[in-house]
Amino acid sequence: MSDAALPHAFQYESARHQARTAIAGMWLFLASEVLFFGVLFLSWIVCRHWNQAGFDAGARQTALAIGTLNTVILITSSAFYTAGVAFIEASNTRRLIQCCALAWVLGLAFLILKFGIEWHEDLARHLFPGPRFAITGELRTGAQLFFVFYFVATALHGLHLLAGLGLVGWIIRRAGRGEFSAQYSTPVAVVGLYWSFVDMVWIVLFPLIYLIGRGP
Amino acid sequence: MSAAAGAAALSGESYLTDGFSLRSWLLTTDHKRIAILYLASITVFFFIGAAGAALVRYNLIVPEGLIKSAETYNRLFTMHGVVMVWFFLVPAVPVTLGNFIVPLMLGARDLAFPKLNLVSWYLFMLGGAIVLYSLFTGGVDTGWTFYTPLTTQYSKGHVVATVIGIFIAGFSSIATGLNFIVSIHRLRAPGMTWFRMPVFLWSLYATSVILVLATPVLAMTLVLLAFERIFHIGVFDPTLGGDPLLFQHLFWFYSHPAVYIMILPGFGIVSEIVPAFSRKPLFGYTFVVWASIGIAVISFLVWGHHMFVAGTSLFSALVFSILSYMVAVPSAIKVFNWIGTLHKGFIRFDAPMLYALGFIGLFTMGGLTGLFVAALAADVHLTQTYFVVAHFHYVMVGGMVSAFFAGLHYWWPKITGRHYPEMWGRAGALIIFIGFHLTFFPQFILGYLGMPRRYHSYAPEFQVLNVLSSAGTTILAAGYLLPLGYLTWSLLRGERAAPNPWDATGLEWQTPSPPPTENFVATPVVTEEPYAYPRPKPQATS
Amino acid sequence: MSPRRLLLTWGLLLGVLAIEVGASFLPIGRPARPLLLLPALLMVGMVAAIFMQIGRGPTVVRLFAAAGLLWLLILLALGSLDPLTRIVYPVPAMERATPAANPP
């Protein structure tokens, strides 16, 4: 089958031209997202700089086990999705759906662990900044700032993940209707980029939240 | 080519006649129709913002202030700033002229992501509606800069609602910028190499880089601001260990490059018009191109000059001051190149050219006074005075709005298929130029003498200059209402336009006016450099 | 992408993660602890290279990714320039905690 014969929007020369442009567009969007999260990283640097002891004391209150497990879950989810992309490039829709479903379930597991269990415990232990904040004394200021960072960063990452779940679900639905094949799998690849990016953000947030403050 | 274009124009098939229902406009993915939707929207926002400015100038006619409440005055200038910056100046050229002209100049049938383009308009309108709602139901008294801790702790206005509106409108900016960058990379017509692109495309590319990479920083900063306002604790509160200057750093990381979002498209427009009305190729094309890219990059390195007196470290102030001088270099290169283009040209003073020449003059004054405030020592005296107000209005209003009108008149025949009335156009350009100087030149003097900005009243000795400035506002207002009138009139009664009324280069002129929905009947092929204006022989003119 | 390569990448990512978590228990001094980000950056690179196949799309993909990183660097470097070099003079009368009250 000739490439030019595949359907494509009228501003493109060919389906391949359109597909590669969509991939480029997603990468540019992700570059924009890098700067979005970049603000959080800068706040982390500045707040920790002014209040190191308290900031680290806050970090020691986090649940390392859940955090680590969640990192493993997201990496695995991203790997499953990548396998799905490879399968559809070999026109294997059944395997694509299986891989996406696994990726989706793992994403959901992350959200449950993060917001159902970890946040729940954090809130129960009065770690949300405010008048009833658990840590008192000299370290209170910095620890509160850490938890401002923690709650804003995890909430925004969680929202991105939630959007990702929607997108992966949409891919599963479309794959179920048999819309993808080796010739046409652009949406699968584009959503994959986003899904892996959400993973990436977490990989960077993980040491910032759980590891660096856990010092002697 | 011209025969085919003429035939298409005669048959009347164009993007304007391709469907007349409201639905065919509100759900369109045609970049040209979206440009029209945006043009109507930003015109409304412009006049709302201008009304705010008019009330501010009305108040300042007498030293004690004609509007009795300082609180009301604060809300008025905040409304003026917020609406003008985010809902007129930042989007104005990219979403209207850019949306319309970029695909045409590229020789493409549409932008890379037409649906995203439509989504961006809806986001813009949603953000705008939220901001207008909050501004008209009480407003905000913080100034458009939203400095903490005023916004997070003390202000009584609708800070969170306004911030949400700006946040949403920000994503419309990102969508537009993303569309332009990807389209310019991927949808150039055959033969349109990077260095055959008209400077307008380069300028919008540079603008889009800023839109895509700076706007998300503002978005996250506003999230942190809203968090702090809602929960009364956050990273910007100095009494709780945070750093209020962090807010200013983040805010200006966006807002300084945003100044270049406003002015870079203007550079592009003027670089189209000056060669076309001088009948000469753009002087030093490569320099102008690299100056655009240079400005886009360097504009990110200078934001600290907004904070010289805020208590930043001396070391960082020195670094930012030096970097701020650097950004003047590419801007100056452009001015020299436009003047070089005019040199020995065969200049025609049509309305677009008058607006463009006005732009060069006003921008040069705005830019040069920028050097005064970039100087660390001078800034300590001038910051927070009317000198700064005059400086950035020369760049943004004098420069940018003139360039917008220049482009609007230049491409008006292409967009609407009708000519605007030429004499009215020239009169408008002249009235705006005069009214602008009368409004803002006195403010340089006021600022130098020490009148602080953002105050509801002032010392009596400043009254003469303030009255002059307010008087200038009325002329400026007339100058802005004039194009609204005659351009609207021309929609119905204007003379029909030929495909290339200015005899200009550029692919947008090689298709009928107004263009058909698919832009080009056959994909154009580019075979020569931009601005290939034939050089008439000297004796031909004598 | 071959299944072996994918599996290997997954294993390597988990391995680096294990090293990172393990290293966080070492007695590293406070100023040096941000070095724990290095394994994370390595992992980000692996995800970009293998999962996102950054090498496969059009060239402009690498350009966009590089731009994102460069501008992040500008934000972090110039953004922290002032806080890291600022001298805050303590205000004796202040009752509530201020940045000056907890100098690093």
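Residue numbers begin at 1 in each chain, while the letters A, B, ... track the order of the sequences.
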Subject >> Residues, nucleotides or ligands: over 12 heavy atoms within 6.0 Å of B:F315 CZ >> reply: no

Counting heavy-atom pairs under 4.5 Å with chain B, the top scorer among A:V148, A:L156, A:V34 is A:V148

So, the part of B:L246 with a heavy atom under 4.5 Å from chain A: the answer is side chain

Value for CZ (A:F29) from CZ (B:F171), rounded to nearest 0.5 Å, stands at 7.0 Å

In short, A:Q11 meets B:D110 closest at the heavy-atom pair CB-N, 3.7 Å

Minimal heavy-atom distance between A:L145 and B:G234, with the atoms involved, is CD2-O, 3.4 Å

Between the OG1 atom in A:T141 and the CG atom in B:L240, the distance rounded to the nearest 0.5 Å is 7.0 Å

Heavy-atom closest pair (B:P216 atom, A:L35 atom, distance to 0.1 Å) is CG-CB, 3.8 Å

Whatever's closer than 4.5 Å to a heavy atom in chain A on B:E518 counts as both

Residues B:L224 and A:S43: closest non-hydrogen pair is CD1-OG, 3.7 Å

Residue from B:L178, B:L187, B:V182, B:V235 scoring the most non-hydrogen pairs under 4.5 Å with chain A is B:L178

The interface call for A:R20 against chain B, heavy-atom contacts under 4.5 Å, is both

One should read off an interatomic distance between A:F36 CZ and B:I174 CD1, to the nearest 0.5 angstrom, of 8.5 Å

Cut-off 4.5 Å, heavy atoms of chain A, and the answer for B:L111 is backbone

So, the part of B:A112 with a heavy atom under 4.5 Å from chain A: the answer is both

* Asked: Taking the six-membered ring for Trp, are the ring centroids of B:F231 and A:F128 within less than 6.0 Å of each other?
  -> yes

So, the part of B:F253 with a heavy atom under 4.5 Å from chain A: the answer is side chain

